[in-house]
Amino acid sequence: MAALVPAIEAQALSKRFVLRHNRGASLKVLFLGLLDKGHREVLEEFWALRDVSLSIARGDSIALVGRNGSGKSTFLKLIAGIHRPTGGRLLVARQARVGTMIELGVGFHPDLNGTENVFLNAAIHGLSREAIDAIYPAIVEYSGLRHFMDVPLKNYSSGMHMRLGFAIAANMNPDILLLDEIFAVGDEDFQKQCMKTMAQFTAEGRTLVFVSHSAASVRAMCRRVCLLDHGRLLFDGGVEEGLAEYQRLIAGSSDSPAEPPAIAPHSPEAAAAVVDWDARTGEWALAFLKRQGLQPHHRVLEITCGASGSEELARYAGPSRYQHWEINSPAFSPLHPFDIALASPLLSRISLNVVARSLATAVRAMDPAGRIYAAWIDHADASDITDVPPFAYPFELVAGIAGALDLGASRVEDAAHPAGESVLLLERA
Amino acid sequence: MGVDTTPQAEAEAVPASDAPLLDRAGERDSFARTVAAMYGYRELLKNLVAKDLKLKYRGSVLGFLWSLLNPLLMIAVYTVAFTYILRVHVESFVFYLMIGILAWTFFANSLAMATGAIIDNAGLVKSVFFPRAILPIAVVLFNFAQYLLTTLVFLPLMLVIYHVPLSAPMLLFPVFLALQLVFTIGIALMLSTATAFFRDVRHFLEIGLAALFWLTPIVYQFDQISPRLRTAILMSPMSPYIVSYQEMFFYGQWPGPAVWMLAAGYALFALAGGMALMLRHEEQFSEQI
């Protein structure tokens, strides 16, 4: 019977989120709303998953791929029981112990030392005292942090945080492991160790569901790929076909050819950069640029994550001044997929400088002459709740670091749209 | 009703709660199962309480001594205030006052912390599944541990200082302590849930606690108030617990039947209401906060 019962089975599974604009989570919003429509909370529905049917057998290792906001992380959270499905059925083996690594280091306390954090973190995942005692030596061994176990976590580097977090998750021996692309961090050795652990994990008949943007990790760890787009399951099958399908999806939605044409040199060294997470508000970004006064010598760089460029923006800037980059596309090679992964769920935990620099480096690599200046663009709200959590620090700060510090910009203008997009104008004197 | 033996009916006859697959979109688990699941997380509860206790005293020179010094300093201050400044002519008034204040402090601090139990742990709630009720319960137990330790030092000391003879009613102390704990947990569950939806709860609580403090016989004695108000004051939520402590330790009497009934009744209602509210809404937390 065990073989017949799937580990996870989704039947027409749907999940709807309600986005709350003008949100205060407070009575003030309720009261003001009664008096003035402008203050009323605006509710917007957002289907993170729509009619997804999918059966995952025991011992399966499955990669969920898709662009940001496609519903991958939502699916993980539904399996974990963190969110409740809106429609359909989601069957999970009752006896299975479900391990989640959706966000690394959550539940760590900076003032507690390594040992104390291991016990706290394992307890959060529901382990008993005996179970934790039993796996504790293995965790220490695996993390390679033996000499740091009595040091408070606030003195750990971000790499050490991740090692400890992954060491705990890897040794908890869950029957089903839900993994967001968080462990794709740390040095190469540690990554290899992670992949090896995962391969062994599925060989033992455990089930792995892995959210990833990285083709390399998917190839190394998974035997099956499910492609999600806008909450719908587009493809379910072999790894290579699935990855190819994903590439096609990205390429199809992008206006730019694989090799973007070089932009003709312009004399004054200034540029406008737009990062538009899903191009829904191209118009809004355009309005911002118009307000800022887009000069003839400015050029517009649009960076999207999984979406096509904004036609309005392209038309406005004209073909010679407009360039669109899709960060998942191979053409965007300067920014390694790991950097993207690093930039989303862990952003609040790694140094601003690292993030800002990696973007600055990417922009420089795209335009070696150094005429395009861009900076990291914040994702201001939870419109993309599934993949990109709202960041914990102000956008201006990051923009300032990337722009002024790394790219030498003298003028930084920015704006953030409540739906999550941000736009930035950088100019060098 | 006839017995249907078709395979399909057999399959349906298996109660959902025993099926090998659990439907995440299906009916919620029974109350008993939920409580059983919470019991499975007792290690987490222990760890959370230990963490808070450790962090509270780590880094301070006197460490845990502060929890004991605090009431001693309070006794000194109140003695000066009520003997030399206010000249209250009640024998051992400071003893009376301290009984109420310590119990009240446990209650008020627990609730103030409980409002943040869910929302201040947003990261955790959004990325790991565990029974959310653990969070406010841990907060209450953390405060309870401090209350207990303080009381263990303070009570014997007071009994000696104020020459209070030991009496049989004092044996009831653990019983009412447990009732107060249950009551506080119940209210904490309600407040932590409500705060996830309305952040204003914190501010309402401040005002509410200030009002409730004066509706509870802590600084005044029961026989000092007009007889018409006595019933109302006794019905105030924290009164039965504090009155029971005063009866046992200050007056050396057995708590009366009204105190018993109110203390037990409030505790039960608060716990049942708090659990019901929490279980009904806990799955919305990850989207609300």
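Just so it is clear, the values below take in all heavy atoms, side chains as well, and ignore hydrogens, waters and symmetry mates. The sequence lines fix the lettering, A, B, ..., with proteins before strands; numbering per chain opens at 1.
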Restricting to non-hydrogen atoms, name the atom on B:Phe130 and the atom on A:Ile124 that form the minimum distance, rounded to 0.1 Å. CB-O, 4.0 Å

Can you establish whether the number of heavy atoms outside B:Tyr57 located under 6.0 Å from its atom OH is more than 12? yes

Of A:Ile82, A:Leu91, A:Thr100, A:Ile132, the largest count of non-hydrogen pairs under 4.5 angstrom with chain B goes to A:Ile82

Would you mind checking which part of A:Ser128 comes under 4.5 Å of any heavy atom in chain B, side chain (CB onward), backbone (N, CA, C, O), both or neither? backbone

Rounded to the nearest 0.5 Å, what separation is found between the CZ atom of B:Arg33 and the CZ atom of A:Arg94? 4.0 Å

Turns out that what part of A:Leu127 lies under 4.5 Å from chain B's heavy atoms comes down to backbone

Going by heavy atoms in the side chains, are B:Glu287 and A:Lys15 under 4.5 Å from each other? yes

Would you name the heavy atoms of A:Arg89 and B:Ala25 that are closest together and state the gap between them? CA-CB, 4.3 Å

Value for CG (B:Asn47) from CZ (A:Arg129), rounded to nearest 0.5 Å, stands at 7.5 Å

Heavy-atom pairs under 4.5 Å with chain B - which of A:Leu112, A:Leu76, A:Val98, A:Ile8 has more of them than the others? A:Leu112

Counting heavy-atom pairs under 4.5 Å with chain A, which one of B:Ser286, B:Ala37, B:Gly40 comes out on top? B:Ser286

As an exercise: rank A:Glu116, A:Glu9, A:Gln11 by heavy-atom pairs under 4.5 Å with chain B and give me the winner. A:Glu116

Where on B:Arg42 is there a heavy atom nearer than 4.5 Å to chain A: the side chain, the backbone, both, or neither? neither

Pick one of side chain, backbone, both or neither for B:Leu55, based on which atoms fall under 4.5 Å of a heavy atom in chain A. side chain

Spell out, as yes or no, whether a donor-acceptor pair under 3.5 Å connects the side chain of B:Arg24 to the backbone of A:Ile79. yes

Rounded to the nearest 0.5 Å, how far apart are NE2 of A:His125 and CD of B:Glu43? 14.5 Å

Pick from A:Leu120, A:Thr86, A:Leu13: which one has the most heavy-atom pairs with chain B under 4.5 Å? A:Leu120

CE on A:Met101 to OG on B:Ser127, rounded to 0.5 Å: 10.5 Å

Can you tell if the side chain of B:Asp23 reaches within under 4.5 Å of the side chain of A:Pro85, non-hydrogen atoms only? no

If one checks every heavy atom of A:Leu78 against chain B at 4.5 Å, the contacting part turns out to be backbone

For chain A, find which of B:Gln284, B:Lys54, B:Arg132, B:Glu282 contributes the most heavy-atom pairs closer than 4.5 angstrom. B:Lys54

